[in-house]
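For clarity, every value in this text was computed on a predicted model and none was experimentally measured.
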Amino acid sequence: MAKHGAFLFTYAFFILILSMSLLCKAIGHEDRKPYIVYLGSLPHDELYSPLSHHLGILERVVEGSSAANAWIRSYRRSFNGFVAELTDRESEKLANMKEVVSVFPSRTYQLQTTRSWDFMSFGETITRNDTAESDVIIGVIDTGVWPESDSFKDEGFGPAPMKWKGACNGGKNFTCNKKLIGARFFTSEEESARDEIGHGSHTASTAAGNAVKDVSFYGLVPGTARGGVPSARIAVYKICTLEGCTGEAIMAAFDHAIADGVDIITISIGPNHASPLDVDPIAIGAFHAMEKGILTSNSAGNNGPEEGSVSSVAPWILTVAASSTDRRIIDKVVLGNGSTLVGSSVNSFSLNGTSFPLIHGKDASSKCPEIYAGICSPGCLDRDLVKGKIVVCDKFGGNVEAHKAGALGSILHSSTPDVSFVVPLPATGLSNQDYTVVKSFLNSTKEPRANILKSEAIKDDDAPIAASFSSRGPNRILPEIIKPDISGPGVDILAAYSPVASVTSSPEDKRSLKYSILSGTSMSCPHAAGVAAYIKTFHPDWSPAAIKSSLMTTAKPMNGTSTSPGEFSYGSGHIDPVKAIDPGLVYDASKEDYIRLLCIVLDEAKVRHISGDNSTCPKGSEKGSPKDHNYASLAANVTPMKPFTVTFHRTVKNVGLANSTYEAKIMPNPKVDIKVDPEVLSFRTLNEEKTFNLTIVGEGFPDGSHVSAELIWYDGTHSVRSPILVSSVGN
């Protein structure tokens with residue numbers, strides 16, 4: 001009876017708790033989280049108060065709390081929106097309001113983490129417009145900067161450009177100067193724009209850092225570290241911590257950078273996968289930047305070589321893939337049998353001796369199963385078993401545990417043997433083939449020994465090649481827009497760093513550096529931004545689309561890639577700064593062109609909010625296709641195994657010689673027939689525009705296959721090259 005009573009009491013208590021939980025949810029006590037509410041462009045009304053409007057909207061949906069308590073921040077300088085702590089139910093109510101474009105959670109985005117400029121024939125002696133360059137302002141949205149770095153000193157700089165409307169709100173112990181003219185931070189956990197991660201200093205100095213002589217990584221790759229436009233100014237917008245970068249902070253940085261008067265924005269940050277354009281904070285911010293004539297350069301992502309992994313897909317953004325340069329950092333392993341294997345790591349250490357005992361991770365652990373010990377998982381290695389030995393780990397990340405456990409060195413299996421990462425101890429990453437050689441030697445030798453040499457730099461004549469980690473197309477949101485757009489140096493880049501940042505991911509690595517080596521599309525993105533700024537010094541009136549077109553049509557064809565098609569790896573090719581200032585023709589696009597494109601993927605009411613005017617969208621079939629957007633590359637999807645005819649409509653603007661004639665040349669593909677009409681374009685004046693159609697006819701090909709070709713407009717001097725890509729895609 002007592003047990004029965006206890007059961008009834010427990011059951012009644014459970015029902016009471018459940019009822020209270022449901023009641024709390026009903027009155028608005030659900031878990032709240034930050035949501036971004038995007039309202040489009042700011043109204044053209046001097047009496048309009050964004051904050052009052054935003055609080056008024058919140059008052060209509062917030063339950064069990066006040067609008068003021070729910071509100072976090074407003075976007076009110078360059079576009080319209082706000083962030084608020086909302087329940088899922090409240091966010092759904094907001095999303096159904098006519099005045100709202102989109103409502104989406106403030107997710108966390110990730111960082112996409114010298115010689116490179118010389119590799120692109122962009123040396124210190126190239127022609128520059130120094131006066132115009134000093135008027136260019138690059139906005140860097142990242143982890144902040146280390147303001148005392150030599151890369152950001154202001155010797156020889158005059159006052160900030162007159163157009164600058166920003167401020168130095170860098171916070172605690174942060175001082176700007178005539179080079180580093182602005183700073184803001186949007187991280188609630190920290191009190192300044194000072195970079196404690198190293199990433200932001202690296203990207204800022206790559207884009208526009210001063211030329212700093214005699215820089216190296218502990219003697220490796222010595223030389224001059226410099227940005228693409230050393231005379232340009234820098235404004236930093238810190239949005240990231242070690243935990244990542246929030247969507248709400250990304251949009252706040254864009255809101256201020258646009259209004260502050262920057263000319264180019266570089267943002268080496270992104271999600272793990274692409275999002276629809278109206279819920280992508282980078283795409284939203286970059287759209288409003290484009291409205292004001294500002295080009296945004298964004299990293300493609302580091303999730304390659306998986307197809308469709310590119311995360312930056314908006315057509316108004318310059319999406320940058322990462323590729324190698326002709327300088328490769330290697331590290332050699334000498335086995336006890338005399339064999340030498342070439343690996344990849346940035347290893348600044350020298351072992352004092354000729355050879356040392358080898359031990360596999362699985363044999364150096366008494367506390368973990370073999371599968372975890374073999375990859376040298378955290379906490380698995382026994383200090384006594386690895387002391388004085390080189391540990392062999394089945395994953396590259398095992399170097400951190402090897403260092404923590406006190407191993408002498410580590411030989412690692414690398415999934416990206418084309419890239420060298422900084423290691424905290426004598427270590428190297430080997431390809432699958434070479435790692436198998438080491439394991440075979442380890443298992444067949446009674447007392448296996450080896451030595452790891454200090455890293456060295458060698459010349460790589462195969463460069464540039466798309467980096468294995470660089471995210472690939474196709475574009476999952478707009479398949480007819482090839483992404484990435486272009487590729488730039490992103491492997492083993494030496495640039496400014498934060499002296500308080502960790503050099504590696506090992507907590508035991510206490511080294512401090514002013515300059516470090518990093519790899520990622522994070523590194524290629526500011527290279528492209530620097531070149532875009534360089535173009536702007538010669539063509540200050542060019543639109544973001546014209547600058548982007550010049551980068552794409554003058555890009556160098558890339559060397560071999562392991563993935564097919566190559567356009568999904570590197571877009572139009574490898575960036576060529578010198579040619580990009582004189583492209584001959586450009587594929588231009590205005591805000592109205594992008595609005596027409598948005599009409600295809602969004603309803604008219606949302607498009608009007610985004611445009612800030614009375615834009616109307618075509619109806620039905622008149623909406624057209626994204627393939628007809630005036631892009632500098634041409635892509636279309638067709639039905640597998642069915643004959644097809646695809647026609648592209650394009651317009652080019654003459655920015656070369658006033659009196660010029662271009663002939664169309666096709667680098668053909670035997671699987672299709674390609675015709676251009678007209679085949680000759682004759683111009684009589686600068687900025688004159690001509691239209692043409694390109695038609696592709698084919699018999700059909702299997703699902704998942706692709707046909708590549710090229711269109712080149714040639715006038716005897718300029719080669720205006722555009723990739724053509726037709727993909728067979730089933731339902």
Side-chain angles (χ1 to χ4, degrees), residues 33-43 50-51 53-54 57-58 70-86 91 94-95 99-111 139-144 166 169 182-189 193 200 235-241 243-262 265-271 274-292 294-299 311-314 316-317 598 602 606 609-612:
K33 57 187 175 185
Y35 277 88
I36 297 168
V37 183
Y38 174 50
L39 305 176
S41 290
L42 285 163
L51 181 57
H53 182 205
H54 300 164
I57 291 175
L58 282 172
W71 176 89
I72 296 174
R73 66 157 48 104
S74 287
Y75 307 123
R76 48 187 173 181
R77 296 189 70 198
S78 303
F79 49 85
N80 201 1
F82 61 91
V83 184
E85 292 271 359
L86 302 171
S91 72
L94 273 170
E99 62 209 285
V100 173
V101 175
S102 56
V103 180
F104 50 100
S106 177
R107 295 188 175 91
T108 299
Y109 293 71
Q110 300 303 320
L111 300 165
V140 182
I141 300 177
D142 211 295
T143 67
N169 292 334
R184 300 181 189 273
F185 63 100
F186 306 94
T187 50
S188 57
E189 304 90 340
V236 298
Y237 302 85
K238 179 178 178 176
I239 62 167
C240 305
T241 65
E243 284 71 45
C245 327
T246 64
E248 61 180 281
I250 289 171
M251 288 185 64
F254 270 104
D255 187 35
H256 283 281
I258 296 165
D260 286 346
V262 305
I265 290 173
T266 179
I267 175 168
S268 292
I269 292 158
S275 300
L277 302 179
D278 61 334
V279 297
D280 178 345
I282 298 176
I284 292 169
F287 179 87
H288 292 288
M290 173 275 299
E291 282 186 303
K292 299 296 183 182
I294 304 163
L295 176 63
T296 298
S297 179
N298 187 207
S299 45
S311 59
S312 174
V313 297
W316 48 83
I317 288 176
L598 285 176
L602 298 175
K606 287 186 176 183
H609 287 314
I610 294 169
S611 67

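Among L602, N80, V101, V100, the one residue that satisfies the side-chain contact (heavy atoms from CB on, under 4.5 Å) test with H609 is V101.
Every residue was checked against the salt bridge (charged side-chain N to carboxylate O under 4.0 Å, His left out) condition with R107, not counting sequence neighbours, and none meets it. Residues that satisfy the salt bridge (charged side-chain N to carboxylate O under 4.0 Å, His left out) test with E85, not counting sequence neighbours, are absent from this structure.
Ring orientation note: the planes of Y237 and F186 are close to parallel, at an angle under 30° on the 30°/60° scale.
Of the N and O atoms on the side chains of T246 and E248, not one donor lies less than 3.5 Å from an acceptor on the other residue. Between the side chains of H288 and S78, no donor-acceptor pair is found at a separation under 3.5 Å. Under 3.5 Å, the side chains of S102 and D278 contain no donor-acceptor pair of N or O atoms.
L42 and P50 make their closest contact through CD2-CG, 4.4 Å (heavy atoms, listed as atom of the first residue, atom of the second, distance). Contact between A283 and W316 at its shortest, heavy atoms only, is O-NE1, 2.9 Å. Of all the heavy atoms in S312 and I317, the pair that sits closest is OG-CG2, 3.5 Å. Annotation for C240 and L111: closest pair SG-CD2, 3.7 Å, computed over non-hydrogen atoms. Across all non-hydrogen atoms, the minimal contact from C245 to I250 is O-CD1, 4.5 Å.
H53 is not listed as a side-chain neighbour of P43, based on a closest heavy-atom distance of 4.5 Å or more. Side-chain atoms of T266 and D142, non-hydrogen and from C-beta on, never get closer than 4.5 Å to each other. Between L277 and F287 there is no side-chain heavy-atom pair separated by less than 4.5 Å. With contacts defined as side-chain heavy-atom distances shorter than 4.5 Å, the pair Y75/I36 qualifies. Here the side chains of Y109 and S311 are not in contact, with every heavy-atom distance at 4.5 Å or above. Considering only heavy atoms from C-beta on, I57 comes within 4.5 Å of L39 through its side chain.
Listed for the D255 side chain is a donor-acceptor partner under 3.5 Å among the backbone atoms of R77. Without hydrogens or angle criteria, T108 side chain to G244 main chain gives no donor-acceptor distance under 3.5 Å. A donor-acceptor pair is defined here as one N or O able to donate and one able to accept, closer than 3.5 Å; no such pair exists between the side chain of S106 and the backbone of Y35. A distance-only check finds a donor-acceptor pair linking the side chain of T241 to the backbone of E243 [under 3.5 Å].
Annotation: the span from F254 atom CZ to I267 atom CD1 amounts to 4.5 Å, rounded to 0.5 Å. Atom CD1 of residue I239 and atom CD1 of residue I269 lie 3.5 Å apart, to the nearest 0.5 angstrom. Interatomic distance, CG of N298 versus CD1 of I265, reported as 10.5 Å (0.5 Å rounding). Residue H256 holds its NE2 atom at 8.0 Å from CZ of R76, rounded to the nearest 0.5 Å. Note that the NZ atom of K238 and the OG1 atom of T143 stand 7.0 Å from one another [nearest 0.5 Å].
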